[in-house]
Amino acid sequence: KAGVTQTPRYLIKTRGQQVTLSCSPISGHRSVSWYQQTPGQGLQFLFEYFSETQRNKGNFPGRFSGRQFSNSRSEMNVSTLELGDSALYLCASGNTGRVETQYFGPGTRLLVL
Amino acid sequence: DQQVKQNSPSLSVQEGRISILNCDYTNSMFDYFLWYKKYPAEGPTFLISISSIKDKNEDGRFTVFLNKSAKHLSLHIVPSQPGDSAVYFCAASVEKLTGANNLFFGTGTRLTVIP
């Protein structure tokens with residue numbers, strides 16, 4: 001069974017640009033959650049999508065948005081990039097509603113210059 | 001404000017000895033706690049969890065202890081093995097309140113097991 005895939009794996013952008021990250025969940029999984037990992041803050045929850053609907057949202061500015069498609073693939077968009085957006089962005093897919101059955105992808109490393 | 005804290009960024013332990021990783025939390029609404037292990041270039045993988053109605057959960061070499069009054073949990077690894085070297089994240093969930101899969105993570109502790 002293929003795992004969670006995230007593309008691209010690495011990305012370099014400049015301040016003010018926007019970026020779109022993609023996450024393909026494990027086949028059959030309908031929930032996709034996004035997290036931001038930075039050295040000082042650890043992993044922070046961004047949002048969760050389930051069956052194309054945003055089910056929960058963390059405490060991030062409106063520059064961070066996402067969506068989920070009918071095939072459960074999800075995209076995350078960050079507009080007007082800031083230096084502080086440099087981070088590892090992880091997505092996790094799940095199906096049972098139990099947090100421990102979430103499976104994380106390898107992440108997309110974003111560097112904002 | 002960091003609701004889940006891991007105050008030790010790193011820990012080194014000799015192979016065969018016990019590794020104890022600590023985690024503190026501030027939100028008394030948390031009702032489920034988890035530990036994840038993360039290798040470089042990989043996403044975190046679930047290791048062990050504990051519900052707030054328990055004070056101990058054991059799975060092989062891994063045991064998690066929960067002290068609700070102190071808002072503290074710990075992960076014990078006995079015996080430690082070189083393959084356990086990784087970053088360990090503590091996480092907490094308000095599962096019953098939101099019904100959604102969101103987790104509050106600590107900043108992680110890098111464990112190094114010395115052969």
Under a single-linkage rule joining Ile, Leu, Val, Met, Phe, Trp and Tyr whose side-chain heavy atoms are separated by less than 4.5 Å, which residues share a cluster with Val78(B)? Ile18(B), Ile20(B)

Looking only at atom types and distance, does a side-chain atom of Arg15(A) sit under 3.5 Å from a main-chain N or O of Glu82(A), one as donor and one as acceptor? no

[X] versus chain B, heavy atoms under 4.5 Å apart: side chain, backbone, both or neither?
X: Arg109(A); result: neither
X: Leu43(A); result: both
X: Leu46(A); result: neither
X: Gln6(A); result: neither

Show the nearest heavy-atom pair for residues [X] and [Y], with the distance to one decimal.
X: Ser51(B); Y: Tyr32(B); result: CA-CD1, 3.8 Å
X: Pro79(B); Y: Asp84(B); result: O-OD2, 4.1 Å
X: Gln68(A); Y: Glu52(A); result: OE1-N, 2.9 Å

Assess, by modelled atom type and distance only, whether the side chains of Ser51(A) and Arg30(A) contain a donor and an acceptor separated by less than 3.5 Å. yes

Between Ser69(B) and Asn67(B): side-chain donor-acceptor atoms closer than 3.5 Å: yes

Ring centroids only, cut at 6.0 angstrom: are Phe46(B) and Tyr103(A) within range, meaning strictly under it? no

Close aromatic pair by centroid cut-off 6.0 Å: Phe104(A) and Tyr35(A): yes

Listed by chain and number, what are the side chain to side chain contact (heavy atoms under 4.5 Å, CB included) partners of Leu11(A), not counting sequence neighbours? Pro8(A), Lys13(A), Val19(A), Leu21(A), Leu110(A)

Taking the side chain as everything from C-beta on, heavy atoms only, tell me whether Asp59(B) gets closer than 4.5 Å to Asn57(B). no

Under 4.5 Å, heavy atom to heavy atom, which residues of residues 35-42 of chain B contact chain A? Tyr36(B), Lys38(B), Ala41(B), Glu42(B)

Is there any residue in residues 106-115 of chain B with a non-hydrogen atom under 4.5 Å from a non-hydrogen atom of chain A, and which ones are they? Gly106(B), Thr107(B)

